[in-house]
Each structure stands twice: as structure tokens, then as C-alpha cells.
Amino acid sequence: MAKKLFIKTYGCQMNVYDSARMVDVLQPLGYAPAESPEGADMVILNTCHIREKAAEKVYSELGRLRRLKNEKESAGDGRMTIAVAGCVAQAEGEEILARAPYVDMVFGPQTYHRLPEMVAQASRAGGAVLDVEFPVEAKFDHLPDHQGPQTTSAFLSIQEGCDRFCTFCVVPYTRGAEFSRDAASIEAEARKLVAAGTREITLLGQNVNAWHGQGTGGSEWRFGRLIRHLAEIDGLDRIRYTTSHPRDMDDELIAAHGAVDKLMPYLHLPVQSGSDRILAAMNRQHTADDYLRVVDKLRTARPDLALSSDFIVGFPGETDADFAATLGLINAVGFAGAYSFKYSARPGTPAATMEGQVSETVGNDRLASLQQLLGEHEAAFHHTKLRAEFPVLFEKKGRKPGQVTGRSPWMQAIVVEAPETLIGQVANCRIVEVGAHSLHGEVLTGDIRTEKACA
Ligand code: SAH
Ligand code: SF4
Ligand code: F3S
């Protein structure tokens, strides 16, 4: 009988991708995914270190797992192996083992291809396994093929780590130096996904548009070239990518937004702040004006492009005037969506010891007014789509019987009344109602690709 494996994933899409690949690595060892940690033979927490709250969650979850582990063992039901993976593991490996000695394995984002050795080592009694080095070999060269369930929309990591060292950010320390996979291995993985039924691929990297690597002909490619190449895959309908740095939006990539229909007109381009003083202190290496110019070029290339962004309020030294500049930038761009955070001091990062740490109250107030403004922009964007007609990629059943849901080209959730056979297909829809969290549509045509094929 298969051993039960439960993985809980925190943090960004790269962790979601890594968790799926951990399943691929563990499957040959007899593990199969389970719905809950109760009674599981192995539980992996794939963790995030980006803000203090995210990191602290791990220790409370570990307390709960310790009870489940004891219950399983005292019921004579065998052992529960507990593992901590991901960015907290990388940053605090030793500390985890000291605080939670019942943990059996701790490994970072770059070593999970070695899970078979780790599992063997952990099963030989005598202490926990800690593997948080940055190995010379790339995990991608050692991972088995995707085994996971087929999904209409899938993630594909193409770039790892980050060399930008924004002063608030832990990623360069938890994921290591920037690394790009070569185009041939990315293409092979994309083709396998599409052969299994995937129609949309989101290319992932912490700084994905810094991707550069060996092209299929041997020459050096940049990211725009890779996108054009992947767009040639038959059966792949939609390409997205995340997350990008404004400094790496080069002209070739901007041109791809105009030239490649499959590249969806929605771009997550974090700016963090609208104040040049704060951007400099953050080591973002661009000004607010540089950002606005990139946005202009993108919109010239692709007029229907919508943007989303990340913001941090309360960065050390942020004054009311700096914060006002952020609100000004938001009004100048008009974002369709955004994530916003109160600055969280992270151990080991330069900003953590900067002068002028902003108080909780000021941070909370700024976050509330920022989110108010961003919410208004988001609602305004959704309303521009009322009565509009566009293709929707349907992904799953809706919450109510008889409904299916999918995504607009701009990542909006679209709900329609239609049979489940629409799942996995692209259909033209008209929007009839704009709700708070989704748009309601009606289907105008069936699968666009099938129709084209018939024509
Ligand atoms: N690689 C991406 C961001 C990764 S982290 C990029 O360069 O944009 C995702 C978001 O978390 C960041 O964009 C930032 O807005 C937020 N973030 C990162 N570190 C943070 C910190 N110390 N405190 C608060 N928010 C933070
Ligand atoms: Fe962090 Fe900056 Fe790198 Fe993004 S670009 S991962 S925010 S250091
Ligand atoms: Fe978190 Fe690591 Fe992703 S810190 S945001 S899981 S890269």
C-alpha cells in the first residue's frame, strides 16, 4: 500500500512548483499524496521566510504535527517523518532542529532532488538530516519527469535565486544566486505539460525576466526570445510569467508583449514604492520615473496590457511625503491588482538595522489607505470589462452547481453557467455582471481551438 505523503505549502508560486516536484521525487519511493496530515507517513512543510508572520507560522504548525506524530506512534501505526523544506529551512535550519527536535529532515529549496538519500538516512535512527547547502549541481538536472495530476494551467520554474539584493529581502539568501535553466530543458518540460493537457503555462522565477541562457541553437538568448520560442508549441494557448524586476524589462521582452498573441496582456511588475529616496534605500536600482517609462513602452507595445504590482509601506525612513509619492505613482499607472505589505524587518538584511524604523501605527495607517486606493483601482479595472467579449480559459467547477470558472486574459476569475465539458477549453464569453471577486459571463462560442481546427 502506498505511503501517505502530506505537503503543506506556504509562500510564493515557486514553492507551489517545488512541492509538486517533491511529489515526483518521492513517488518512486512509494509515497502518494494525501489530503490531510492525520496518519500520514511523511509530512513536509514547504515554508516561506519573506515576512516574520510567514516564518512564525511554521513553529505553530510544527507543534500540531508533533502531537499527530506521537498519536500515530503510540497507536502502533508506524512512524511519521516530519520535514521542513523551503525558505525557513534554508534560513534557520539549525534553529528549527534546536526548537523542534522531533523534526526528521530539514532541507532548502535547492536540495530536494536529494530526498531519496535524505529519506534513507532519516530512517536509519540517529538524528535528523540537515541539507541546506547550495549544491553545485542544479536540481533540475536530477528531477524525474512530472507525474502529478494534469492541470489546465501549470507553473514551470525557469529561473532560481536572485542577485539583486533589495535591502529588505531574504530571497537572495534563501534561494541563493541567480540561475537560469537552459531553453531545451524548459521546452521539454513545457511540451510534456501540454501533451498531458495543459493549455496555459506560467513561467516562474524570483526575477524571471532576468532569465538568460543557452538557446536551442547554442547561442545566448534573453527572456523575450525564450517566450517567442515557447509560443511555437502547438496546443499551448497562453503564456504568463512572474515575478519581474523593472530593471530587467528589456526592449526585446517589451516587443514580445506586442508580437506574441499567446503572451497574456497582464503583467505583475512590482515597484514597491513611488519615492525615489525610498527606492534608492531599497536598492531597487531604478527611479519612479524609470518605472513609468517602462509602463509607457509596454502599453505602446500592447495597448490592452493591465498591470499589477507589489508595495511595501513603512520601509525605514519613509516619511509622509514618500508615502504620498507612492499614492501618486498608483494614480499615474492605474493598477488592475496589487499585493501590499507592511515592512517586516528580516534578520540578516541591510534594512533591518537601518535608522528610522517606522512605528506599527503609522505602518498600519499607511497600509489601510494604500489598500483603499488600490481597491478602488482594481474595482474600476473590473468595471471596464462589463459587456466586453473575450476568450476565457476554463479551469474548474464553480462554487454553485451548474457553474464553471476560468480566467480572463487579465487573470480575472470568470464564472459562467455551462456544462463541465468546458473545463480545459478556451471559449469566447461576454461579461454580464461585475462582482466583488469575480465577473459573471455568458458563453458565446465553444472551444476556440477546436473551431479553428474545423474551419
Ligand atoms: N522577486 C520579487 C518579489 C519577491 S517577494 C520581486 O523582485 O518583486 C514578494 C513581495 O514581498 C515583494 O515584492 C515585496 O513587496 C514583499 N516583501 C519582500 N520582503 C519584504 C519585507 N521584508 N517586508 C515586507 N514585504 C516584503
Ligand atoms: Fe527580493 Fe529584490 Fe530579488 Fe525580488 S529582486 S527577490 S525583492 S532581492
Ligand atoms: Fe517565500 Fe521563499 Fe517564495 S521566502 S516568497 S517561499 S522564495
Side-chain angles (χ1 to χ4, degrees), residues 6-17 19-20 23 32-38 46 48 54 57 61 148-155 193 196-202 204 237-240 242 264-266 268 306 308 335-340 371-372 374-450:
F6 178 74
I7 306 185
K8 183 157 184 176
T9 308
Y10 304 82
C12 63
Q13 292 102 324
M14 303 201 68
N15 265 11
V16 175
Y17 175 87
S19 291
V23 174
E35 292 294 312
S36 84
E38 275 84 22
N46 195 8
C48 174
K57 275 187 205 153
E61 188 63 26
Q150 174 272 324
T151 50
T152 300
S153 178
F155 292 138
L193 287 167
T198 291
R199 296 188 65 169
E200 172 179 274
I201 291 179
T202 302
L204 298 180
D237 294 298
R238 293 182 164 194
I239 300 173
R240 303 180 186 274
T242 198
M264 289 294 103
Y266 186 80
H268 186 61
S308 70
F335 290 100
Y339 298 97
S340 46
Q371 290 182 339
Q372 165 80 28
L374 289 168
E376 287 165 18
H377 278 274
E378 186 172 337
F381 175 73
H382 290 329
H383 276 279
T384 63
K385 301 301 175 201
L386 185 61
R387 287 183 287 279
E389 294 172 12
F390 48 75
V392 174
L393 174 58
F394 286 95
E395 291 175 28
K396 52 181 193 241
K397 284 194 264 184
R399 258 192 293 157
K400 294 190 191 140
Q403 290 184 334
V404 289
T405 74
R407 294 274 170 189
S408 78
W410 307 276
M411 280 299 274
Q412 295 152 300
I414 309 293
V415 181
V416 300
E417 266 75 38
E420 278 172 36
T421 48
L422 209 55
I423 294 170
Q425 299 194 17
V426 180
N428 266 331
C429 296
R430 179 190 297 118
I431 300 307
V432 293
E433 196 189 324
V434 175
H437 304 289
S438 59
L439 311 188
H440 210 103
E442 56 193 23
V443 178
L444 301 173
T445 64
D447 190 14
I448 288 179
R449 194 167 73 206
T450 322

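Nearest heavy atom pair, residue L444 against residue C429, reads CD1-C, 3.9 Å. Across every non-hydrogen atom of V443 and T445, the tightest pair is CG1-O, 3.2 Å. Smallest separation of non-hydrogen atoms from Y10 and N15: O-ND2, 2.9 Å. Here the closest non-hydrogen pair linking Q371 and S340 is NE2-OG, 3.0 Å. Here the shortest heavy-atom pairing between A336 and A306 reads CB-CB, 3.9 Å. Of all heavy-atom pairs between Y266 and S308, the closest is OH-CB, 3.3 Å.
Interatomic distance, E433 CD to S438 OG, rounded to the nearest 0.5 Å: 8.5 Å.
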side-chain contact (heavy atoms from CB on, under 4.5 Å) between F394 and Q425, intermediate numbers included: CA-CA 6 Å; F394 286 95; Q425 299 194 17; 5.7 Å; no
Go through the steps to decide whether T242 and H268 satisfy the test side-chain hydrogen bond (donor to acceptor under 3.5 Å, both in side chains), and finish with yes or no. CA-CA 6 Å; T242 198; H268 186 61; 5.0 Å; no
side-chain hydrogen bond (donor to acceptor under 3.5 Å, both in side chains) evaluation trace for S19 with N46: CA-CA 7 Å; S19 291; N46 195 8; 3.0 Å; yes
From CA spacing to verdict: side-chain contact (heavy atoms from CB on, under 4.5 Å), V404, K396: CA-CA 6 Å; V404 289; K396 52 181 193 241; over 6 Å; no
Take L439 and L386, measure what side-chain contact (heavy atoms from CB on, under 4.5 Å) needs, and give me the verdict at the end. CA-CA 8 Å; L439 311 188; L386 185 61; over 6 Å; no
Step by step, would you call L393 with D237 a side-chain contact (heavy atoms from CB on, under 4.5 Å)? CA-CA 9 Å; L393 174 58; D237 294 298; 5.8 Å; no
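Applying the ring-ring contact (aromatic ring centres under 6.0 Å, His included) rule to Y17 yields no partners; only residues at least two apart in sequence or on another chain are considered. Not counting sequence neighbours, the partners of F390 by the ring-ring contact (aromatic ring centres under 6.0 Å, His included) test are W410. Qualifying salt bridge (charged side-chain N to carboxylate O under 4.0 Å, His left out) partners for R240, counting only residues two or more places apart in sequence or in other chains: E200. Remark: E442 engages R430 in a salt bridge (charged side-chain N to carboxylate O under 4.0 Å, His left out) (not counting sequence neighbours). The salt bridge (charged side-chain N to carboxylate O under 4.0 Å, His left out) test applied to E61 returns K8, R64, not counting sequence neighbours.
No side-chain donor-acceptor contact under 3.5 Å links T152 to the backbone of R199. Formation of a donor-acceptor pair under 3.5 Å by the E417 side chain with backbone atoms of Q403 is not found in this model.
Contact annotation: the side chain of T151 never approaches that of S153 to less than 4.5 Å [non-hydrogen atoms, C-beta and beyond]. In this structure, P391 and R238 have side chains that are in contact, with non-hydrogen atoms separated by less than 4.5 Å. Looking at V23 and I7, their side chains come closer than 4.5 Å, going by heavy atoms from C-beta outward. Under the 4.5 Å side-chain criterion, counting only non-hydrogen atoms from C-beta, I201 is not in contact with I239.
For residues 378-387, every residue pair satisfying the side chain to side chain donor-acceptor pair (under 3.5 Å) rule, not counting sequence neighbours, is listed here: H382-Q412.
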